[in-house]
A.B. asks: 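The structure follows.
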Amino acid sequence: MIRDPKDLKRYTAHERANHWVVGMSFILLALSGLALFHPLFWPLTNLFGGGTWTRILHPFIGVLMAFSFLALYHRFKALNEMTPTDWEWVGRVKEMVDGDDHNMPEQGKYNGGQKLLFWALAVCVLLLFVSGIPLWRAFFDPPVGLARLAAVVHAVAASVMIGLITVHVYAAIWVKGTIRAMWYGTVTRAWARQHHRAWYRQVTGK
Amino acid sequence: MALQSLDIARRSATTTPSPSVRQTTEVAKLIDVSTCIGCKACQAACMEWNDIRDPVGWNLGMYDNPVNLTENSWTVMRFSEFEENGKLEWLIRKDGCMHCADPGCLKACPAPGAIIQYANGIVDFHEENCIGCGYCITGCPFNVPRISKKDGKAYKCTLCSDRVAVGQAPACVKACPTGAIQYGSKEQMKDYAATRVKDLNERGYKNAGLYDPQGVGGTHVMYVLHHADRPQLYSGLPAEPSVSPLVGLWKGIAKPLATATMALVGIASLFHYITKGPNEVSKETEKEVEKEDAA
Ligand code: HEM
Ligand code: SF4
């Protein structure tokens, strides 16, 4: 959909669809995983048809997320290489958090924080996948030492990832005009100029 | 509350105390390895009482049959031949759940009420609440629970909780022809074990002793061993079993810490929005963009 012919294209339909598959499977994984993590969250099993269904479904959704994330990873990895300006941005992130981003270093398509988040998420997904396999008793019978280690790694990586995604989602809500990039793929010129000026100049030639 | 004999002391995945006013005597089963003849009457009695049958398997050139615990064989006799000073000893151990005072299975279980520890010390799986995740296997220091291929639920020895509830001894105890398996209060069993250990000491087994490992808070199935200094001789009975520190980490500090951290990130985000306000495109930038576009 074209809202305003001057809007800038940020994501293709394929990129958006890929991101939504990852996002939806992540939410289902977090809810079903938490249900088994702490008794406090046990009632979440009701969303999946009970405890046994939660246990059965979680790892299959995990495999879906792992592969869809892999696709997303390959789409975006080149755009997420850290540059010296990105490190400078990260060093001055406090100004950004304080809501005063006018003097922040000029950013390309992604800022330093977004890039670090991308790599941290990639590590989390890898750890979750690798540790999720030995926990999958329906199909695997690992040595008990490995299962114990995997349980700890899985729980820690999951908590870190849930924390990172909370920040990711919050950032999208906080920075107005961002969420539409994942709905219909475009952003306004003013949005791009304010938050990603180097990218703005690159795509508009201004 | 139902039968006092089935009062609950601990319940899996439950953070508040279970009813604990009534005081029940702790029970125990004592397996005297030195008087066991390996006849497997206990194995047969276990199948009979619990109505479980393993399919006919394979003879792998050893006496162990079946070769391992399964969802249908909650107890298995393990035979090992041990030679020392030109003497051959046949060490036969009845393997099965130890009914730990501090059970790793219960600690690891995520399903409320799937694993119950009765006030009398018996650790029982309530399969109707089991979700089949297998965390009990990960938690158990004795490699006991087994997931059934038929229904995906975990099974193990119940110490005949149904018999004990009505004042009967476990089926295996009833069946043992030599009296190698005894059942009574934990105190009685320790006293009886002391007489057995003394007898063995007098017969030259200097290191005879009771196996009631304190690393898991003691157990409600105990062994009298001729070589209590080397439990591993008995088909790998662990010398110092305890709930693995990794399981302790996973089911201990990790749970509240991770939950608090996740909650904090969410709450901090909310308050950030409330205190700093949204990050909107400034009017100034909008005007600049309009100017650039016009140019
Ligand atoms: C990447 C592929 C993944 C696989 C293969 C996987 C697999 C598993 C398995 C097999 C279990 C044991 C319970 C069961 O059998 O259902 C489990 C538990 C769990 N999973 Fe995953 N999972 C994956 C991704 C995730 C993600 C993305 C999250 C959330 C961010 C997550 C959070 C959890 C949590 C919190 C638990 C409970 C851990 C505990 O009880 O300590 N998993 N996972
Ligand atoms: S031996 Fe294993 S299954 Fe039995 S009570 Fe101890 S931890 Fe649980």
Side-chain angles (χ1 to χ4, degrees), chain A residues 6 34-42 45 50-56 96-99 101-102 134-138 141-142 144-145 147-152 154-156 158-160 162-164 166-167 169-171 173-178 188-195 200 204 206, chain B residues 12-16 104 108 110-112 114 129-135 137-141 143 147 152-154 244-247 249-251 254-259 261-262 264-266 268-270 272-273 275-290 292-293 295:
Chain A
K6 289 226 173 70
L34 285 174
L36 304 185
F37 176 60
H38 194 300
L40 180 67
F41 303 116
W42 177 256
T45 54
T52 305
W53 272 115
T54 306
R55 182 270 298 171
I56 294 171
M96 179 79 196
V97 174
D98 280 339
D101 58 352
H102 287 273
L135 291 180
W136 205 351
R137 291 266 178 199
D141 186 15
V144 73
R148 287 171 183 158
L149 183 66
V152 175
H154 204 77
V156 171
S159 320
V160 170
I162 291 171
L164 291 173
T166 307
V167 172
V169 171
Y170 173 66
I173 295 172
W174 181 51
V175 180
K176 295 296 157 199
T178 305
T188 64
R189 289 183 171 229
W191 181 94
R193 192 176 188 281
Q194 176 156 332
H195 303 298
Y200 168 76
T204 58
K206 302 228 155 101
Chain B
S12 56
T14 304
T15 45
T16 50
N129 296 330
C130 172
I131 61 169
C133 64
Y135 286 5
I137 305 173
T138 306
C140 176
N143 184 19
I147 302 262
K153 310 280 179 204
S244 154
L246 284 171
V247 175
L249 183 68
W250 170 37
K251 291 290 161 171
K255 287 203 290 186
L257 197 69
T259 305
T261 312
M262 287 183 281
L264 211 69
V265 175
S269 302
L270 178 73
H272 178 264
Y273 199 86
T275 51
K276 306 286 179 193
N279 182 343
E280 271 166 309
V281 176
S282 64
K283 285 272 168 309
E284 193 186 335
T285 307
E286 267 167 14
K287 270 191 218 123
E288 277 171 39
V289 169
E290 265 166 39
E292 278 177 9
D293 282 352

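Below, chains carry the letters A, B, ... as their sequence lines are ordered, and counting in each starts from 1.
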A.B. asks: Would B:Glu286 and B:Lys283 count as a side chain to side chain contact (heavy atoms under 4.5 Å, CB included) if you check the C-alpha gap in whole Å, the side-chain angles of each, and the deciding distance to 0.1 Å?
C.D. replies: CA-CA 5 Å; B:Glu286 267 167 14; B:Lys283 285 272 168 309; 4.3 Å; yes
A.B. asks: Need one label for A:Asp98: side chain, backbone, both or neither, based on atoms under 4.5 Å from any heavy atom in chain B.
C.D. replies: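 Both the backbone and the side chain of A:Asp98 come within 4.5 Å of chain B.
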A.B. asks: Is a donor on one side and an acceptor on the other found under 3.5 Å between the side chain of B:Thr285 and the backbone of A:Ala190?
C.D. replies: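 Between the backbone of A:Ala190 and the side chain of B:Thr285 there is no qualifying donor-acceptor contact (under 3.5 Å).
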A.B. asks: At a heavy-atom separation under 4.5 Å, does B:Leu249 approach chain A through its side chain, its backbone, both, or neither?
C.D. replies: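 Just the side chain, heavy atoms under 4.5 Å.
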A.B. asks: So for A:Ala155, is it side chain, backbone, both, or neither that comes closer than 4.5 Å to the heavy atoms of chain B?
C.D. replies: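 Side chain only.
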A.B. asks: Which atoms of B:Thr138 are under 4.5 Å from chain A, going by heavy atoms: the side chain, the backbone, both sets, or neither?
C.D. replies: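 Both parts, backbone and side chain.
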A.B. asks: Do B:Glu292 and A:Arg193 meet the salt-bridge criterion of a basic N to acidic O distance under 4.0 Å?
C.D. replies: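 Result for this pair is yes, salt bridge flagged.
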A.B. asks: Just so I know, are the side chains of B:Ser269 and A:Thr166 near enough to count as touching, which here means a heavy-atom distance under 4.5 Å?
C.D. replies: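 A side-chain contact exists here, since the closest heavy-atom pair is under 4.5 Å.
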A.B. asks: Which atoms of A:Trp42 are under 4.5 Å from chain B, going by heavy atoms: the side chain, the backbone, both sets, or neither?
C.D. replies: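 Just the side chain, heavy atoms under 4.5 Å.
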A.B. asks: Which atom names give the shortest non-hydrogen contact between B:Trp250 and B:Ala108, and what distance separates them?
C.D. replies: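 Minimum heavy-atom contact is CZ3-CB, 4.1 Å.
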A.B. asks: Of the listed residues (A:Ala171, A:Ala147, A:Ala151), which shares the most heavy-atom pairs with chain B below a 4.5 Å separation?
C.D. replies: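 Greatest number of close heavy-atom pairs with chain B: A:Ala151.
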A.B. asks: Go through B:Gly266, B:Pro112, B:Ala254 and name the one with the most non-hydrogen pairs under 4.5 angstrom from chain A.
C.D. replies: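 Counting heavy-atom pairs under 4.5 Å, the top option is B:Pro112.
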A.B. asks: Is B:Ser282 close to chain A through its backbone or its side chain, or both, or neither, when contacts mean heavy atoms under 4.5 Å?
C.D. replies: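 For B:Ser282, the contact with chain A is made by backbone and side chain together.
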A.B. asks: If you count heavy-atom pairs within less than 4.5 Å of chain A, which of B:Lys287, B:Glu284, B:Met262 leads?
C.D. replies: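 Highest number of pairs under 4.5 Å: B:Met262.
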A.B. asks: With chain B as the partner, which of A:Phe41, A:Trp53, A:Phe37, A:Trp191 has the greatest number of non-hydrogen pairs under 4.5 Å?
C.D. replies: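 Highest number of pairs under 4.5 Å: A:Phe37.
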A.B. asks: Report which part of A:His195 has an atom under 4.5 Å of a heavy atom belonging to chain B: side chain, backbone, both, or neither.
C.D. replies: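 Contact with chain B: side chain only.
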A.B. asks: Please report the closest heavy-atom contact between B:Asn279 and A:Asp101, naming both atoms and the distance.
C.D. replies: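 Between these two residues, the closest heavy atoms are ND2-OD2, 3.3 Å.
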A.B. asks: Could you tell me whether a side-chain N or O of A:Thr45 sits under 3.5 Å from a main-chain N or O of A:Thr54, the two making a donor and an acceptor?
C.D. replies: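 A pair under 3.5 Å: no.
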A.B. asks: With a 4.5 angstrom heavy-atom cut-off, is it the side chain or the backbone of A:Ile56 that approaches chain B, or both, or neither?
C.D. replies: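 Nothing of A:Ile56, per the 4.5 Å heavy-atom cut-off to chain B.
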A.B. asks: Determine yes or no for a side-chain-to-main-chain donor-acceptor pair under 3.5 angstrom, with A:Gln194 supplying the side chain and B:Glu280 the backbone.
C.D. replies: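 A pair under 3.5 Å: yes.
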A.B. asks: Taking B:Gly152, B:Ala258, B:Cys133 one by one, which has the highest count of heavy-atom pairs under 4.5 Å against chain A?
C.D. replies: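 The candidate making the most pairs under 4.5 Å is B:Cys133.
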A.B. asks: To the nearest 0.5 angstrom, please state how far the CZ atom of A:Arg55 sits from the SG atom of B:Cys130.
C.D. replies: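 Going from the CZ atom of A:Arg55 to the SG atom of B:Cys130 covers 8.0 Å.
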A.B. asks: Using non-hydrogen atoms and a 4.5 Å limit, figure out which bit of B:Lys153 sits close to chain A: side chain, backbone, both or neither.
C.D. replies: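 Side chain only.
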A.B. asks: Begin with the C-alpha distance, continue with both residues' side-chain angles, and end with the deciding distance and a verdict on side chain to side chain contact (heavy atoms under 4.5 Å, CB included) for B:Lys255 and A:Leu40.
C.D. replies: CA-CA 10 Å; B:Lys255 287 203 290 186; A:Leu40 180 67; over 6 Å; no
A.B. asks: Tell me, for B:Lys276 versus chain A, whether the close heavy atoms (under 4.5 Å) come from the side chain, the backbone, both or neither.
C.D. replies: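 Just the side chain, heavy atoms under 4.5 Å.
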A.B. asks: Indicate yes or no for a side-chain donor-acceptor contact from A:Tyr170 to the backbone of B:Ala268 under 3.5 Å, with no hydrogens or angles considered.
C.D. replies: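 No.
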A.B. asks: Among A:Gly51, A:Ala158, A:Gly99, A:Gly50, who wins on heavy-atom pairs under 4.5 Å with chain B?
C.D. replies: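 Heavy-atom pairs under 4.5 Å are most numerous for A:Gly51.
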A.B. asks: Select one option (side chain, backbone, both, neither) describing which atoms of A:Ile162 are under 4.5 Å from chain B's heavy atoms.
C.D. replies: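 The side chain, not the backbone.
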A.B. asks: At a heavy-atom separation under 4.5 Å, does A:Val97 approach chain B through its side chain, its backbone, both, or neither?
C.D. replies: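 Answer is both: backbone and side chain atoms of A:Val97 are under 4.5 Å from chain B.
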